[in-house]
Amino acid sequence: MTEDLLGGLDPEQRQIAECLRGPVSVLAGAGTGKTRTITHRIAHGVRSGVYAPDRVLTVTFTRKAAGELQARLRALGAEGVAAHTFHSAALAQLGHFWPQFVGGSAPQILSGGKVTVLSQAAESLRLSLPVDTLRDVAAEIEWRKVSMLSLEGYAALLRSEDAEAAARTPPDGVTVEHLLDLHEAYGRILDERRQIDFEDVLILATGLLESEPRAVMQVRERYRFFTVDEYQDVNPLQHALLRVWLGDRDDVCVVGDASQTIYSFTGASSSYLLRFGREHPNAREFRLERNYRSTEPIVRVANRLMRGRPGALVLQAVRGEAISAAANRTVGSSPDSAARSTTVDGATGPGDAPPACEWFASEQDEAEAVAASIRGAVAAGTPASEIAVLYRTNAQSAAIEAALERAGVDVRVHGAQRFFDRAEVRQAVMVMRGQAKVADERPLFQIVSDVLRACGWQTAPPEEPPRGRSGRR
């Protein structure tokens, strides 16, 4: 039965899957099969009788990832294993224990985001701040909370002269005192409404479990074995909650890649992954470095970029021969640079072309270059269906779509959003809702017009709107 479950794993993956007890740290590079490994490890633990499925908690960072983990575990016969985000697990515990130890129902989660409340806080302070500034203040509130700083501690940091304080400068047009006042007013409004934000969910759950021995005993009796995915993106507050869940036990497996930390701007730190062995002296550390996703030239560039960085892995490309040998191309833009290009040397022969990196003076130049490159590839015989353009934000889509259509290249947009789901539309609706709560004697059309203009909207249509976006998938 074990061979049937673990037979498809490579040697390193199998070693991890067979290490079922004690603290385990897995440094897993991109494309190395970390999700496959941890799901097989859990399923092996359940099948072998080491784990009772209802005593296993798997934690990841998005609901989508949690759903994928549960689906994979069910397919492997590990029905009953819980897979949650930190927030969903904490929220469930808060809802369960609050009536018992505090009384009444738990506070309601803030709907609509922090900016709406901050706009009211600014109004109460007689501050007129644009939405972008309020959004920056919201990010500071999130950072303060996940960093486990009180308002007093945050104030002391802002007024100090160390390097961390320099990174926490107030948004443009906001003084330190205004920033602190906004933090305080935001908290006061939430208290008055008996609401909490997402960071408060973790704060309250951690505090309740730390202060109520009967509650934490129930949690520790419920969950005995922990797996934490994407551990490089854990922040101090999430780390504190995990420590409370664990207590003096050490049956925890953490998986991550220090080279893939993407939430450092919200307080996350790869240091928890890198120092796991110091926190758990008996920990076993494994590395997954066989990359099954990318071609050799891409892996070579990745290794070169990350060489010498803390926790960097040395990936090995092991994709099958069916992988296309076509060159891969990455483009980017830099507003302060003239158009220039560079390539990474080291190609060893035909079919081993290295990725090419190009910089452009503007986003428009970048879009035109992408369109020209794709038009040339199609003209040379590459099917358009085999070409994809990846962009970081939906806002970049319009320029690229327009350039491709001008070049005569048919376009399909995958994952396109409905109008009211788009970020800019949600922003406008959110600001209008906030404005509706403020007494304003002006005519309605003027209020709406001013709100939309403040969000960057104009009465004139774009010069060249992308054609046929609606309904394209």
Do you know the tightest heavy-atom contact between [X] and [Y]?
| X | Y | answer |
| --- | --- | --- |
| Ala138 | Val115 | CB-CG2, 4.5 Å |
| Tyr272 | Tyr231 | O-CE2, 3.4 Å |
| Leu273 | Gly256 | CD2-C, 3.6 Å |
| Thr227 | Arg41 | OG1-NH1, 4.0 Å |
| Arg193 | Val117 | NH1-CG2, 4.0 Å |
| Asn235 | Gly267 | CB-O, 3.6 Å |

Salt bridge or not for [X] and [Y], using N-O below 4.0 Å?
| X | Y | value |
| --- | --- | --- |
| Arg168 | Glu140 | yes |
| Glu401 | Arg412 | no |
| Glu68 | Lys64 | no |

Problem set entry | Thr261 and Ser264: CA distance, side-chain angles, deciding distance, side chain to side chain donor-acceptor pair (under 3.5 Å) verdict | CA-CA 7 Å; Thr261 302; Ser264 55; over 6 Å; no
Problem set entry | Verdict with supporting geometry, Glu368 and Arg375, salt bridge (Lys or Arg N to Asp or Glu O under 4.0 Å) | CA-CA 10 Å; Glu368 296 296 338; Arg375 181 177 56 191; over 6 Å; no
Problem set entry | Donor on one side chain, acceptor on other, Thr116 and Ser119, under 3.5 Å |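 No, no side-chain donor-acceptor pair sits under 3.5 Å.
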Counting only heavy atoms not in [X], do more than 12 fall under 6.0 Å of its [atom1]?
| X | atom1 | answer |
| --- | --- | --- |
| Gln108 | CD | no |
| Tyr263 | OH | no |
| Arg392 | CZ | no |

Exercise. Of Glu12, Gln13, Gln316, which is the lone residue that meets side-chain hydrogen bond (donor to acceptor under 3.5 Å, both in side chains) with Arg290?
Worked result: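 Only one option passes, and that is Glu12.
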For this session: Decide yes or no on salt bridge (Lys or Arg N to Asp or Glu O under 4.0 Å) for Asp257 and Lys34, but give the supporting numbers first.
Result: CA-CA 10 Å; Asp257 180 5; Lys34 68 178 179 64; over 6 Å; no
Exercise. Hey, mind stepping through Glu285 and Arg287 against salt bridge (Lys or Arg N to Asp or Glu O under 4.0 Å) and telling me if it holds?
Worked result: CA-CA 7 Å; Glu285 181 181 293; Arg287 291 177 174 240; 3.6 Å; yes
